[in-house]
Trainee: 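Below: one structure in structure tokens.
As a basis for the values below, the full set of heavy atoms in this structure was taken, side chains included, without hydrogen atoms, waters or symmetry mates. For clarity, every value in this text was computed on a predicted model and none was experimentally measured.
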Number of protein chains: 2
Amino acid sequence: MTAPAAAEPRQSLTADDWARAALEAIASGGLDAVAVEPLARSLGVTKGSFYWHFPNREALLRAALELWERRETEDVLARVGDEPDPYERIVKIFKEANAGYRSGRLYLAIAAAEDNPLVNEFVQRVSTRRMGYLLQSYQALGFDSVRAAHWARFAYATFMGNLQIRRDTPEMMPTGAAFNEYLKLMFKTLIPRETIARGIGEDGLIAAATRSQEGGDTQ
Amino acid sequence: MTAPAAAEPRQSLTADDWARAALEAIASGGLDAVAVEPLARSLGVTKGSFYWHFPNREALLRAALELWERRETEDVLARVGDEPDPYERIVKIFKEANAGYRSGRLYLAIAAAEDNPLVNEFVQRVSTRRMGYLLQSYQALGFDSVRAAHWARFAYATFMGNLQIRRDTPEMMPTGAAFNEYLKLMFKTLIPRETIARGIGEDGLIAAATRSQEGGDTQ
DNA sequence: GCTTTTCAATACGCGCCCGTATGGTTTTGT
DNA sequence: ACAAAACCATACGGGCGCGTATTGAAAAGC
């Protein structure tokens, strides 16, 4: 613990190395942690390197956000893109989002700087795309677009909130079997699959919602 | 638009004035916006004033957080503390949290800096207290503590997520009648009434619950 | 009336970050 | 082998925020 340490620069840094480091910095220190000199130190180089790869700090920020957006969409697509069953698709999205703590933190950290117009632009796109998946899935479950939008928003809000809870008050989150129970409860509640067969009426929704709590909750 | 403008300092500033200004700053610029010199400018004075009222920046931050915690608990207590019906209590918490956009922004801004130990301490307390209300309410609805914890967490996550959506992608949030529909959907889903009839068996509660379904009044 | 106390302006040094300028070293092409 | 390009170090000026020191002026106490 003598100095901030310096990872040896294997060969020669690329712009992408800087972008990755910037994302790392955001995840653990927020948007303001994207500072040229500290990043240079953590990469074991000096500013001289940076200003060869980028014209200024904002360019780095943009590169980092682009990397983030790419990863985000690729990941989601790769994991749930080919799932045919809409129910399972929603489940996968949920689990994926609830499992990857790291990416969750990153999302929250970036979203926290939504006042920055550049950041806001990216958050907008990523959020819209994610919500789009959910919307499609709920429509595939048989909901008309209005109700699908409500349920999709509901589900999205819930998992965003879970991320927040996980970050801010981890003790509130159950672990092990209890966590699985919690997940199951949310699935049953947020994905009323009976609605498809039963036709879509107000009563159907209520039935689906209420029934969700008495199902066998073993394991 | 010549300078950042300066609100005239009515009389003489108090420590509380500074704390209020600091909270304002957090709401619109994040934790880092709590900076002595900028705040002094916005208050129409100089640092000389600040360092009479506070020993340093951290003291201001603490004062702001204390003010926040006080407001937060007072507000919640004042609005839903005396509501006897647990169903209505949950509804009120939800509506309150979903209506006050300002306080929501503030919460998110503060929580975004949970890496700061001081901040984390306060977030912890406020979150725990809020969650406590929900937990009690669900227990009053007839759930055993495990299930009540699950439902409370679920509801809390959902409304935290709604805050986030409202801040980051406001277009996703419906307005007017559609918003009331959305709220109703969440109420019906997150506050299962069946348990009331099964558990406590108070007819009055059921009446109150059904009554609340039609009075959607949250702009 | 005069002294304290209260509140605030001004001036200074420090640290940290940005961006530029300039030069140095290592690779690559031929 | 030599020039060009890629990559990085060092040094500088400027901005901005923190904290201290010192002085100044209005209100309160006696």
Side-chain angles (χ1 to χ4, degrees), chain A residues 2-26 28-65 109 113 115-119, chain B residues 2-26 28-65 109 113 115-119:
Chain A
T2 49
E8 70 228 59
R10 299 201 158 284
Q11 290 270 15
S12 213
L13 293 179
T14 75
D16 226 62
D17 290 327
W18 282 95
R20 268 190 291 273
L23 261 192
E24 271 291 320
I26 294 179
S28 57
L31 226 258
D32 300 321
V34 181
V36 177
E37 282 167 330
L39 275 180
R41 279 193 290 271
S42 86
L43 286 174
V45 293
T46 64
K47 297 192 301 185
S49 167
F50 174 82
Y51 283 100
W52 192 89
H53 296 286
F54 296 93
N56 51 38
R57 180 182 174 276
E58 185 180 339
L60 172 62
L61 197 58
R62 168 171 280 113
L65 289 170
D115 49 291
N116 182 323
L118 178 63
V119 171
Chain B
T2 48
E8 71 227 58
R10 301 198 160 287
Q11 288 270 16
S12 214
L13 293 180
T14 76
D16 226 63
D17 290 327
W18 281 96
R20 269 191 291 272
L23 262 192
E24 272 290 318
I26 294 178
S28 56
L31 226 260
D32 301 321
V34 182
V36 178
E37 282 167 329
L39 275 179
R41 278 194 289 274
S42 86
L43 286 174
V45 293
T46 65
K47 297 194 298 186
S49 168
F50 174 82
Y51 283 99
W52 192 91
H53 297 284
F54 296 92
N56 50 39
R57 178 182 176 276
E58 184 179 340
L60 172 61
L61 197 57
R62 168 171 280 114
L65 289 171
D115 48 292
N116 181 323
L118 179 62
V119 170

Trainee: When the distance from CG of B:Asp16 to P of C:dC7 is rounded to whole Å, what number comes out?
Mentor: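 Nearest whole value for this atom pair: 13 Å.
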Trainee: If I compare all heavy atoms of B:Ala63 with all of B:Phe54, which pair ends up nearest, and what's the gap?
Mentor: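 Reported closest heavy-atom pair: CB-CE2, 3.8 Å.
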Trainee: For A:Asn116, check side-chain contact (heavy atoms from CB on, under 4.5 Å) against everything at least two apart and list the hits.
Mentor: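 A:Leu31, A:Leu61, A:Leu118, A:Val119.
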Trainee: Keeping A:His53 on the side-chain end and A:Leu60 on the backbone end, is there a donor-acceptor pair under 3.5 Å?
Mentor: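 Checking the backbone N and O of A:Leu60 against the side chain of A:His53, no donor-acceptor pair under 3.5 Å is found.
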Trainee: Check whether any side-chain N or O of A:His53 sits under 4.0 Å from OP1 or OP2 of D:dC8, and answer yes or no.
Mentor: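 Indeed, a polar side-chain atom of A:His53 lies that close.
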Trainee: Which pairs, protein N/O on one side and nucleotides 22-29 of chain C N/O on the other, fall under 3.5 Å?
Mentor:
none

Trainee: Given that A:Val34 and B:Thr46 both sit by DNA chain C, which one's nearest nucleotide is further toward the 5' end?
Mentor: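 First, find each residue's nearest nucleotide; the 5'-ward one identifies B:Thr46.
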Trainee: Can you tell which of D:dC8, C:dC18, D:dC18 lies closest to the side chain of B:Glu37?
Mentor: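 Among the listed nucleotides, the one closest to the side chain of B:Glu37 is D:dC18.
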Trainee: When the side chains of residues 16-25 of chain A are checked against the rest of the protein, which donor-acceptor pairs come out under 3.5 Å, sequence neighbours left out?
Mentor:
unit_1, atom_1, unit_2, atom_2, d
A:Asp16, OD2, A:Arg20, NH1, 2.9
A:Asp17, OD1, A:Arg20, NH2, 2.9
A:Asp17, OD2, A:Thr14, N, 2.9
A:Asp17, OD2, A:Thr14, OG1, 3.4
A:Glu24, OE1, A:Arg102, NH2, 3.1

Trainee: Report the distance from atom CG of A:Asp17 to atom P of D:dC7, rounded to the nearest whole Å.
Mentor: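 For the pair A:Asp17 CG and D:dC7 P, the rounded distance is 11 Å.
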Trainee: Counting only side-chain heavy atoms from C-beta out, which of D:dG17, C:dT6, D:dC7 sits nearest to B:Pro38?
Mentor: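 Closest nucleotide to the B:Pro38 side chain: D:dG17.
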Trainee: Under 4.0 Å from OP1 or OP2 of D:dA6: is there any side-chain N or O of A:Ser12 that close?
Mentor: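 So the side chain of A:Ser12 is outside the cut-off, no N or O lying under 4.0 Å from OP1 or OP2 of D:dA6.
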Trainee: Choosing from C:dA9, D:dA9, C:dC7, which nucleotide comes nearest the side chain of B:Val45?
Mentor: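 That would be C:dA9.
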Trainee: Can you measure from CZ (A:Phe50) to CG (A:Leu43) and round to the nearest 0.5 angstrom?
Mentor: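 With rounding to 0.5 Å, CZ (A:Phe50) is 10.5 Å from CG (A:Leu43).
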Trainee: Take A:Val36 and A:Tyr51 through the side-chain contact (heavy atoms from CB on, under 4.5 Å) test and state the conclusion after the steps.
Mentor: CA-CA 9 Å; A:Val36 177; A:Tyr51 283 100; 3.9 Å; yes
Trainee: Grab the CZ-C1' distance between A:Phe50 and C:dT20 for me, whole Å please.
Mentor: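 In whole Å, C:dT20 C1' lies 13 Å from A:Phe50 CZ.
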Trainee: Does A:Ala35 offer a backbone N or O that forms a donor-acceptor pair with the side chain of A:Arg57 under 3.5 Å?
Mentor: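 No, because the side chain of A:Arg57 does not come within donor-acceptor range (under 3.5 Å) of the backbone of A:Ala35.
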Trainee: Using whole Å, what does the distance between atom C1' of nucleotide D:dA26 and atom CH2 of B:Trp52 come to?
Mentor: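 Atom CH2 in B:Trp52 sits about 13 Å away from atom C1' in D:dA26.
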Trainee: Could you give the CG-to-P distance, from B:Leu39 to D:dC16, as a whole number of Å?
Mentor: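 Computing the B:Leu39:CG to D:dC16:P distance gives 16 Å.
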Trainee: Can you pull out the residues from residues 56-64 of chain B that lie within a 4.0 Å heavy-atom distance of DNA chain D?
Mentor: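 Those residues are B:Asn56, B:Arg57.
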Trainee: For A:Glu37, which residues count as a side chain to side chain donor-acceptor pair (under 3.5 Å) partner, sequence neighbours excluded?
Mentor: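 With sequence neighbours excluded, A:Glu37 shows a side chain to side chain donor-acceptor pair (under 3.5 Å) to A:Lys47, given in chain and number order.
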Trainee: Would you check if the side chain of A:Ser49 reaches a backbone N or O of A:Thr46 as a donor-acceptor pair within less than 3.5 Å?
Mentor: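 No.
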Trainee: Of all the choices, D:dC8, C:dC18, D:dC18, which nucleotide is nearest to the side chain of B:Tyr51 once you look at every atom?
Mentor: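 Closest nucleotide to the B:Tyr51 side chain: D:dC18.
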Trainee: Check whether any side-chain N or O of B:Arg41 sits under 4.0 Å from OP1 or OP2 of C:dA9, and answer yes or no.
Mentor: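 False: B:Arg41 side-chain N/O out of range (4.0 Å or more) of C:dA9 OP1/OP2.
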Trainee: B:Val36 side chain: which of D:dA9, C:dA8, D:dC18 is closest?
Mentor: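 Output: D:dC18.
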